[in-house]
Every structure is written in C-alpha cells, then in structure tokens.
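For reference, positions follow the sequence shown, starting with 1. In what follows, every heavy atom counts, from backbone to side chain, and hydrogens, waters and symmetry copies are set aside.
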Amino acid sequence: MERFRAAGEPVTSVDAKSKELIGNFAPKGKQWRPVGRPVETNTHDFPDKEVGKAVPCGVYDLAESTGWVSVGGSSDTAEFAVATIRRWWSEVGVLAYPEATTLLVPAESGGSNSSRGRLWKGSWPTSQKKLG
C-alpha cells in the first residue's frame, strides 16, 4: 500500500454498511425536546415495503483523507461497491490523480464482497482509465 501511495497512485478503501430503514422511525439515543412537544414517529420500526431500505457504501481516499458515500437500494454489495468506486473515480479520482495508472482498493472480503466472487471480478474494467 505504501508503495502505491509513494508513487502518487490512488489508494482507496471501500466498505458497504448494513441496510438502514427509510422513514419516520424513532431516533436512537437521547434527544432533548421541550416538554409536551415530542417528535412524532411511526409506532413500530417495521420496514416499509414500498420504500425499502437504504444501503450506504463508502470510498475513502487514504492520501487525501476524504470520503465519498453513495446510498442505494441494492442488496448486491459487490455490484454496488464497484458502481460506487466507478462513480468516485469519474467525479473525484480522475481529477485528483490525472496521471494514475493503477488503483489499489483494499476491501473487506467477506460474503458477496469476496474478492474471489465472479460478480466483483466481472464488474471491474480491465483498464484503470476506463473507470469513468
């Protein structure tokens, strides 16, 4: 990883987080409100079948110490992670690293994010410059 950073090549970390409910649900933790003015929320935290759930996926640029988060509804984290990296590259990476020839992406490698999975390998372009 240090070899890539020393050469000025981008090194990012990518991770998809657990699905989150979308809607007017009770906030976790404590919130101070004026007496008699509670925040109105749904009675139960059941998922709304029409709205679904949100899946956040983030790219962290280690050299710049900056992050990029995409929020989607896909349950396929490998495909969504690749789409997030591609979007980061086209919006940020190509500008921040115009001379880049490689991209190192250390990632958690479990479940559908497995580096051995066909979806991850099949979704990735063969040339770094084709990311955008």
Side-chain angles (χ1 to χ4, degrees):
M1 186 176 336
E2 292 305 318
R3 187 184 73 193
F4 282 83
R5 290 180 65 187
E9 299 290 354
V11 178
T12 64
S13 176
V14 63
D15 193 17
K17 297 299 180 187
S18 61
K19 296 176 186 176
E20 297 291 333
L21 296 173
I22 300 172
N24 190 22
F25 299 106
K28 305 296 183 222
K30 294 184 178 188
Q31 182 180 33
W32 297 99
R33 304 273 307 162
V35 175
R37 297 181 59 200
V39 174
E40 292 189 26
T41 62
N42 294 347
T43 306
H44 300 287
D45 288 352
F46 297 130
D48 185 327
K49 292 179 182 175
E50 291 180 21
V51 177
K53 295 181 180 183
V55 181
C57 183
V59 174
Y60 181 71
D61 182 338
L62 283 95
E64 298 295 321
S65 191
T66 58
W68 173 279
V69 178
S70 292
V71 179
S74 173
S75 61
D76 200 324
T77 57
E79 184 176 305
F80 187 42
V82 170
T84 299
I85 294 167
R86 282 183 175 166
R87 184 78 188 267
W88 171 84
W89 178 256
S90 68
E91 298 286 328
V92 177
V94 75
L95 298 172
Y97 303 96
E99 303 297 320
T101 59
T102 60
L103 172 62
L104 180 62
V105 184
E108 193 175 308
S109 189
S112 64
N113 263 348
S114 172
S115 60
R116 296 180 181 186
R118 288 187 212 130
L119 182 60
W120 179 261
K121 290 180 179 182
S123 297
W124 201 254
T126 56
S127 168
Q128 172 63 27
K129 296 299 180 184
K130 292 182 182 176
L131 274 175

Taking atom CZ of Arg33 as the centre, report whether more than 12 heavy atoms of other residues, nucleotides or ligands fall under 6.0 Å from it. yes

Heavy-atom closest contact (Trp68 atom, Arg87 atom, distance): CZ2-CG, 3.5 Å

Which one of Val59, Val82, Val14 satisfies the side chain to side chain contact (heavy atoms under 4.5 Å, CB included) criterion with Val105? Val14

Which ILVMFWY residues can you reach from Val69 by hopping between side chains whose heavy atoms are under 4.5 Å apart? Val71

Audit row: Tyr60, Asp15, side-chain contact (heavy atoms from CB on, under 4.5 Å) steps and yes/no: CA-CA 9 Å; Tyr60 181 71; Asp15 193 17; over 6 Å; no

Give me the atom names and distance for the closest heavy-atom approach of Ala63 to Tyr97. CB-OH, 3.5 Å

Looking at every non-hydrogen atom in both residues, tell me the closest pair between Phe80 and Pro56 and how far apart they are. CE2-C, 4.4 Å

I'd like to check the side-chain contact (heavy atoms from CB on, under 4.5 Å) partners of Val11; sequence neighbours left out, ordered by chain and number. Met1, Phe4, Arg5, Leu62, Leu104, Pro106

Nearest atoms (heavy-atom pairs only) where Trp89 meets Ala100: CH2-CB, 3.8 Å

Verify side-chain contact (heavy atoms from CB on, under 4.5 Å) between Asp61 and Val92, making sure each step is shown before the conclusion. CA-CA 10 Å; Asp61 182 338; Val92 177; 5.6 Å; no

